[in-house]
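Shown next, in structure tokens, is the structure this report addresses.
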Amino acid sequence: AFYLALMIYITVRLIGIEDFPINFFGDEAIQSVRAADLIRDNFFDHRDEFLPTYFENGGQYNLSTSVYFQVLPVWLFGKEIWATRGAAALLTILAAIGVGVMIEKGYKSLFGWLAILVLSLMPAWFLHSRTAFETAMSVSFYAGFVSCYVLYRNGNLRYLYAAVVLAALAFYSYSPMRMVLGLTLLGFLLNDWRFHWQHKSIFLKAIGIGIVFLIPLLRYSLNYPGETQRHLEILGSYWVQDITLGEKLMNFLHEYLHGLNPLYWYLPIGVDLQRHLMKDYGHLWLPGLPFALIGILWCIKHIKQSFARLVLIMLLVAPSGAALVQLGITRALVMVIPATVLTSMGLITFWQWLEKKIKNRFNRP
């Protein structure tokens with residue numbers, strides 16, 4: 001059932017990928033264009049930097065992993081819409097596997113296939129996982145990171161190394177993911193501190209790997225000082241405006257709470273750009289809302305379990321990256337991962353309750 005669900009997932013991603021979404025936006029094309037430039041210039045950028053950490057897009061340096069990922073598709077097929085989108089869509093299978101693993105190994109259920117199908121029909125994910133925007137890539141790496149962490153937490157200790165690699169790929173894929181990932185790592189560190197300390201040899205090696213992955217960021221910061229602030233200025237972030245710290249914190253709180261508002265996620269209120277919306281749909285699957293609430297209640301009831309706390313951490317940190325500027329579905333797309341897990345948990349819990357009720361009814365004398 002798990003593999004069948006994956007087949008359904010990838011089929012839904014690939015069919016008619018050139019035709020929907022109907023527009024092929026410049027922020028999709030730039031991935032392959034920069035990859036083609038990289039191949040042509042022997043992996044130097046226009047400033048003669050070898051294997052650059054970030055690539056320029058619209059006057060700002062905000063592309064990284066997504067460009068390197070498109071190198072092979074461009075080398076094999078050239079700059080084709082179906083190749084650019086298709087490669088990006090194939091990568092999102094990592095997110096599908098991730099949510100399935102979270103349910104099977106974290107929630108301890110054989111219904112991991114259900115999470116894959118729930119993710120597949122989330123409107124925001126259906127739309128963006130069929131594009132070459134770097135946001136879906138970053139979310140896929142994030143889901144892979146969390147699933148590997150869950151395997152590590154279940155005793156498969158070496159999966160922590162894979163978790164670190166996937167976390168690094170997510171970090172460099174999309175700028176809002178930096179805040180989300182940082183808070184997630186902090187939350188996981190505090191959530192399972194005793195477990196980490198019991199296996200400190202593996203844990204310390206993983207930290208060492210993580211430090212190595214920070215070297216490209218350090219090089220970028222030295223070569224382009226002040227670029228992060230300039231990036232926020234281009235986006236119009238309130239963090240670089242001439243207002244008090246208190247006002248900045250209030251703005252952050254406002255955007256953050258907006259990112260936790262179910263009305264934004266489940267109703268077609270249309271506050272985002274049209275190209276990022278499914279007509280007449282909210283960003284998340286509306287029939288799944290009551291089951292997501294059941295999932296949240298389950299986590300609260302079982303708060304002493306590491307996995308329950310882990311899911312709540314994912315839920316609470318999801319809007320943090322978008323809140324640095326202004327809430328938007330591309331910046332907050334990572335919300336589909338905890339939403340999918342919670343919805344699946346709620347569906348499974350409800351089904352188990354219903355099954356028990358039916359059995360009790362028919363077993364009465």
Side-chain angles (χ1 to χ4, degrees), residues 2 4-25 27-32 63 65-67 69-70 73 80-102 112-147 166 169-170 173-174 176-177 180 265-266 272-279 281-286 288 314 318 321-322 328-341 343-344:
F2 192 96
L4 179 60
L6 286 177
M7 289 176 62
I8 294 172
Y9 173 88
I10 201 61
T11 300
V12 172
R13 303 278 85 71
L14 294 179
I15 290 179
I17 197 165
E18 285 189 270
D19 303 320
F20 182 85
I22 61 174
N23 62 311
F24 185 65
F25 197 61
D27 283 345
E28 296 181 80
I30 192 67
Q31 317 290 344
S32 293
L63 300 179
T65 313
S66 56
V67 173
F69 179 77
Q70 290 292 345
E80 299 285 345
I81 294 176
W82 66 267
T84 298
R85 280 186 171 176
L90 284 172
L91 179 67
T92 68
I93 200 171
L94 184 61
I97 294 173
V99 294
V101 168
M102 290 180 217
W113 57 268
L114 177 63
I116 296 172
L117 298 180
V118 171
L119 175 67
S120 183
L121 56 77
M122 290 288 186
W125 188 249
F126 175 78
L127 175 67
H128 291 92
S129 63
R130 293 172 58 91
T131 72
F133 291 127
E134 62 270 24
T135 177
M137 175 179 288
S138 69
V139 173
S140 299
F141 284 133
Y142 180 83
F145 146 65
V146 176
S147 64
L166 290 168
L169 291 171
S173 293
Y174 192 46
M177 184 59 74
V180 174
W265 288 104
Y266 287 95
D272 288 281
L273 296 173
Q274 287 294 319
R275 62 175 175 268
H276 296 301
L277 297 172
M278 291 278 289
K279 185 179 179 181
Y281 288 90
H283 294 309
L284 299 180
W285 183 46
L286 181 57
M314 284 197 295
I329 183 55
T330 54
R331 296 173 184 143
L333 186 62
V334 69
M335 179 63 82
V336 300
I337 301 303
T340 295
V341 174
T343 302
S344 303

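Considering only heavy atoms from C-beta on, E134 stays 4.5 Å or farther from T65 through its side chain. At least one side-chain heavy atom of V180 sits less than 4.5 Å from a side-chain heavy atom of Y142. Side chains of L121 and F126 form no contact here, defined as non-hydrogen atoms less than 4.5 Å apart. Proximity of F145 to L169: side-chain heavy atoms (C-beta onward) are nowhere separated by under 4.5 Å. At a threshold of 4.5 Å between non-hydrogen side-chain atoms, the residues W82 and P73 do not count as touching. Using a 4.5 Å heavy-atom threshold, the side chains of S120 and R13 count as touching. Using a 4.5 Å heavy-atom cutoff, the side chains of L6 and I93 are in contact. Using a 4.5 Å cut-off on side-chain heavy atoms (C-beta onward), W285 and T343 make contact.
Within 6.0 Å of atom OH in Y281, 12 or fewer heavy atoms from other residues, nucleotides or ligands are found, so the atom counts as exposed in its surroundings.
We find the CD1-CZ distance between I81 and F24 to be 5.0 Å, quoted to the nearest 0.5 Å. Rounding to the nearest 0.5 Å gives a distance of 11.5 Å between CG of L117 and CE of M122. L63 CG to Q31 CD: the interatomic distance, rounded to the nearest 0.5 Å, is 5.0 Å. Summarising the geometry, atom CG belonging to L277 is positioned 8.5 Å from atom CD1 belonging to I329; distances are rounded to the nearest 0.5 Å.
Between the side chain of S32 and the backbone N or O of A29 there is no donor-acceptor pair closer than 3.5 Å. Side-chain atoms of H276 do not come within 3.5 Å of backbone N or O of D272 as any donor-acceptor pair. Of the possible donor and acceptor atoms, one in the side chain of S147 sits under 3.5 Å from a partner among the backbone N and O of G144. Between the side chain of Q70 and the main chain of S66, no donor-acceptor pair closer than 3.5 Å is present. Side-chain N or O atoms of R130 include one that pairs as donor or acceptor with a backbone N or O of G16 at under 3.5 Å.
W125 and A136 make their closest contact through CH2-O, 3.5 Å (heavy atoms, listed as atom of the first residue, atom of the second, distance). The two atoms that bring A170 and S138 nearest to each other are CB-O, 3.7 Å, heavy atoms only. Minimum interatomic distance between M335 and L284 (heavy atoms only, all atoms of both residues): CG-CD1, 4.5 Å. The two residues F69 and A88 make their nearest non-hydrogen contact at CE2-N, 3.9 Å. Contact between P21 and L127 at its shortest, heavy atoms only, is CG-CD1, 3.4 Å. Shown here for T340 and S344, the closest heavy-atom pair between the two residues is O-OG, 2.8 Å.
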Original post:
How far apart are the C-alpha atoms of E28 and R85, what are their side-chain angles, what is the distance that settles it, and do they pass the salt bridge (charged side-chain N to carboxylate O under 4.0 Å, His left out) test?
Top reply: CA-CA 8 Å; E28 296 181 80; R85 280 186 171 176; 2.8 Å; yes

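Ring geometry for W265 versus H283: interplanar angle over 60°, hence perpendicular rather than tilted (30 to 60°).
Under 3.5 Å, the side chains of T92 and S140 contain no donor-acceptor pair of N or O atoms.
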